[in-house]
Amino acid sequence: MKHLPRVLNRFLLFIIGLICAALGVGLVLLATWAKAAEFWQRQAGLILERYSALTKQTRTIFNPDISWLTIAFAAATVMLILFLLWWIFRQGGGSTKNVDFEESTKAQGTTVASLKFIDALVNDVIEDDKWIASVKTQGWKVKRQNGLSIKIVTLKGAEPEYLKNKMDEVLARLDSALGREVPVCIHMTTGWRTSISSPGRVDK
């Protein structure tokens, strides 16, 4: 459901994590190790001196107080920020707030169902079920088609076959309401409520 390849996502996350880890270790060393702080002070002074010398050698023609080096750093920073913003927004790509009905055969146009309606329909089927703690419905774009993601939080002791039959009932209601079959991803998990609740008794 993500627009970016998984390998690229993992590579970018690895690079960002590596940079953050290096910065964190460096700050800890500066705060706790006197020799590291002294080394940084010496190196920082040398770096500033070299940078000042470079900026004097790369003054712009239109403004002697501005260096081409400063402009290059500023441009690189802006490009990096724009890239990170693009990457962040692409991570949430694919989500949608509407799920389309199939086109009406009696009138022109398309009826649109909001996710609130879909969520209410799903909760109506699962309402007061003793084996399901909560359910959450989200909409996604799957290959330019509207799809659904349904996350179910179950309680301890729930039988897989019972949950499957329950979700088959949910899907049947969805297909009937939407007038067409839509891609649906069902994710079942256990939540914090299952760790403090006791398993339900199985009736004979």
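The chain is numbered in sequence order, starting from 1.
- Here the CD1-OG1 distance, from Ile150 to Thr137, works out to 5.0 Å after rounding to the nearest 0.5 Å.
- In this view, Asn123 and Asp119 satisfy the side-chain hydrogen bond (donor to acceptor under 3.5 Å, both in side chains) rule, not counting sequence neighbours.
- Connection of Leu84 to Phe11 is established within a shared hydrophobic cluster, with ILVMFWY side chains joined at heavy-atom distances below 4.5 Å, either directly or through further cluster members.
- In the hydrophobic clustering, where aliphatic and aromatic side chains (Ile, Leu, Val, Met, Phe, Trp, Tyr) are joined below 4.5 Å either directly or transitively, Leu29 groups with Val25, Trp33.
- The distance from atom CG of Leu30 to atom CD of Gln41, rounded to the nearest 0.5 Å, is 9.0 Å.
- Residues Leu80 and Phe14 share a hydrophobic cluster, clusters being chains of Ile/Leu/Val/Met/Phe/Trp/Tyr side chains in contact below 4.5 Å.
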Atom pairs and distances, donor-acceptor, side-chain atoms in residues 161-174, under 3.5 Å, two or more places apart:
unit_1: Tyr162; atom_1: OH; unit_2: Asp129; atom_2: OD1; d: 3.4
unit_1: Tyr162; atom_1: OH; unit_2: Asp129; atom_2: OD2; d: 2.5
unit_1: Lys164; atom_1: NZ; unit_2: Asp168; atom_2: OD2; d: 3.0
unit_1: Asn165; atom_1: ND2; unit_2: Glu161; atom_2: O; d: 3.2
unit_1: Lys166; atom_1: NZ; unit_2: Val125; atom_2: O; d: 3.4
unit_1: Arg173; atom_1: NH2; unit_2: Asp124; atom_2: OD2; d: 3.2

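- Among residues two or more places apart in sequence or in another chain, the side chain to side chain contact (heavy atoms under 4.5 Å, CB included) test is passed with Asp128 by none.
- Between Leu54 and Ser67, the shortest heavy-atom distance links the atoms O-OG, 4.5 Å.
- Residues in residues 22-32 take part in no side-chain hydrogen bond (donor to acceptor under 3.5 Å, both in side chains) pair, two or more places apart or across chains.
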Please list, one pair per line, the donor and acceptor atoms closer than 3.5 Å that link side chains of residues 46-53 to other protein atoms, with sequence neighbours excluded.
unit_1: Tyr51; atom_1: OH; unit_2: Thr70; atom_2: OG1; d: 3.1
unit_1: Ser52; atom_1: OG; unit_2: Leu48; atom_2: O; d: 2.9

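- Looking at heavy atoms from C-beta onward, Thr190 lies in side-chain contact with Thr154 at the 4.5 angstrom threshold.
- When the ring pair (Phe, Tyr, Trp, His ring centres under 6.0 Å) test is applied to Phe83, the partners found at least two apart in sequence or on another chain are Trp86.
- When each of Thr55, Thr60, Thr58 is paired with Ile66, the side-chain contact (heavy atoms from CB on, under 4.5 Å) condition holds for Thr60 and for no other.
- The hydrophobic side chain of Met79 is isolated, with no ILVMFWY side chain under 4.5 Å apart from it.
- Clustering of Ile, Leu, Val, Met, Phe, Trp and Tyr by side-chain heavy atoms under 4.5 Å joins Leu82 with Val78.
- Between the CD1 atom of Ile152 and the OG atom of Ser134 there is a distance of 7.5 Å, given to the nearest 0.5 Å.
- Side-chain contact check for Leu148 versus Val122: every heavy-atom pair is 4.5 Å or farther apart.
- The side chain to side chain contact (heavy atoms under 4.5 Å, CB included) test applied to Lys151 returns His187, Thr189, not counting sequence neighbours.
- Checked against side chain to side chain contact (heavy atoms under 4.5 Å, CB included), Leu13 has the following partners two or more places apart in sequence or in another chain: Trp87.
- Scored by the side chain to side chain contact (heavy atoms under 4.5 Å, CB included) test, Ile19 finds Ile15, Leu23 as partners (sequence neighbours excluded).
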